[in-house]
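Every chain is numbered from 1 and lettered A, B, ... according to where its sequence line falls, protein lines coming before strand lines. Remember, it's a predicted structure, so these values are computed and weren't measured experimentally.
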Amino acid sequence: MVAALVLSVLVVGAFAVHFLAKAYGPVRTEDIAALHVLSGTPPGPVTERLFAAYLSRARRYRTTWSIAGWLGGVVLAVALHDNTAAFGNPFLTGPIGYLAGAVVAELHHLRRRPHGARTASLAPRRLADYVQARQQRLLRGLVLLMGAVSGIGLVLDATNRSDIRARPDLPPYLMREAKGFWIPLVVLGAVAVAVWVIVERTERAVVERPRPAMAEDLARADDAIRASSVQALALGGAGFIALLGCWAVSVTANGFVDYDALHPWALLLELALFALAIRLAFRARRLAWPLRKLEVDGAPR
Amino acid sequence: MILRVDPNSAVPVYEQLRVQITNMATAGTLAPGAQLPTIRQLAADLGLAKGTVSKAYDELFRAGVVTSAGRRGTHIAERPPADLSRRDVSAQLLVAAEQYAVVARQLGADDDVAHSILDRALQRLPSR
């Protein structure tokens, strides 16, 4: 077991060192210039410093927490001898770490109170100004889908158990399944709702983060930073909930006694949700790497 | 539009907010129907308690300066109580300028320096 643990940690550790070196390295001027282009902010020494500080902080927090999640998942998977347990699976603990890092990075500077006279703009800031409506709809839609999958799974589980109890002639391994799979479904549903609430609350905290009155170019840079943060949270949250959905479908399909009937559809849904999660994860990550984002998505019109 | 409050002033903070928003509404610099920030946003931006901003908004609502549309937010009333004439605007600016001039003299600043600092302060804020 020790050898497996050491080998796993070494493999993940090699990736970790590579990503940490990139995250903790200096922010390249090309990335700062790309963020100016993406946000339509006129370049200037102050906005350059602002963007560099923001990108550095976002990368450090998101990467460090993400790697802590991946490594923790590997260690737990080996220690528990079970990579199907929710907290012993790096594919789940890694994204948890990423999301936690994104949340902590945004809440880090919220509690600063100014001294003396203070200024503020009377322009209202709305969440819709910083995140696309379809990104928010996707986040909420995935929570609903997760609820639907959990609900269907619970109904199937109840049917499953009553069918098995009515058949005392069934082999013992099937009788054991009469215990059902409702507990992981309830846990996954609860985690999805908790993630959704945390993401939406953090998004609002980012929008309401204190901002003194400032010149227009600085205000635009500040808006760009808020937009990047809110979108990373929305995309990261949606991606993680898609992963949870994938997991819930898998639990339901594998637990259901008529596995063959459910399997093709479940597999299709699992693959779709997994692909969506991967796509959202890459889009969320690109937000902290504006040059890559500019290359992939192009400049906004 | 900029708000500035000084918690160390003898004038209560909610009163400073009320007076400034009333002035901007009556002078027309805050257009009728313009939406004001939420209480949470303004309290966070100014580092104040939400109750302080809420009290100022309540006073403005009672005076007919703003209207409240529940979740749709607080807006400047279509017809704020009275118009602030150009003379009133000049008079208020003169009072503030005299205070600044006194401080500049007390500190022995040159007129050029005082003018350039005022210009810089204006440039650091949005035009409207």
Does atom [atom1] of [X] have more than 12 heavy-atom neighbours from other groups under 6.0 Å away?
X	atom1	value
A/Arg286	CZ	yes
A/Trp289	CH2	yes
A/Phe282	CZ	no
B/Arg105	CZ	no

Side chain / backbone / both / neither for A/Arg204 at chain B, heavy atoms under 4.5 Å
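For A/Arg204, no heavy atom lies under 4.5 Å from chain B.
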
Over all heavy atoms of both residues, which pair between [X] and [Y] is shortest? Give the atoms and the distance, please.
X	Y	result
B/Arg4	A/Ala117	NH2-CB, 3.3 Å
A/Ala120	B/Asp45	CB-CB, 3.7 Å
B/Pro37	A/Ser121	CG-O, 4.3 Å
B/Leu46	A/Thr119	CD2-C, 3.7 Å
A/Arg126	B/Gln35	NH2-OE1, 2.8 Å

Short question: side chain of A/Arg118, backbone of B/Gly47 - any donor-acceptor pair under 3.5 Å?
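Flag set: sc A/Arg118 to bb B/Gly47 pair under 3.5 Å.
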
When you measure from the side chain of B/Gln41 to the backbone of A/Ala123, do you find a donor-acceptor pair of N or O atoms at a distance under 3.5 Å?
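Looks like yes, one N/O pair under 3.5 Å.
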
Working for side chain to side chain contact (heavy atoms under 4.5 Å, CB included), residues B/Gln20 and A/Leu122
CA-CA 11 Å; B/Gln20 290 177 57; A/Leu122 272 176; over 6 Å; no

As an exercise, state the distance from OG1 of B/Thr38 to CZ of A/Arg125, rounded to the nearest 0.5 Å.
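The CZ atom of A/Arg125 is 8.0 Å from OG1 of B/Thr38, to the nearest 0.5 Å.
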
Counting only non-hydrogen atoms closer than 4.5 Å, does B/Leu42 touch chain A with its backbone (N, CA, C, O), its side chain (CB onward), both, or neither?
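It is the side chain, since no backbone atom gets that close.
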
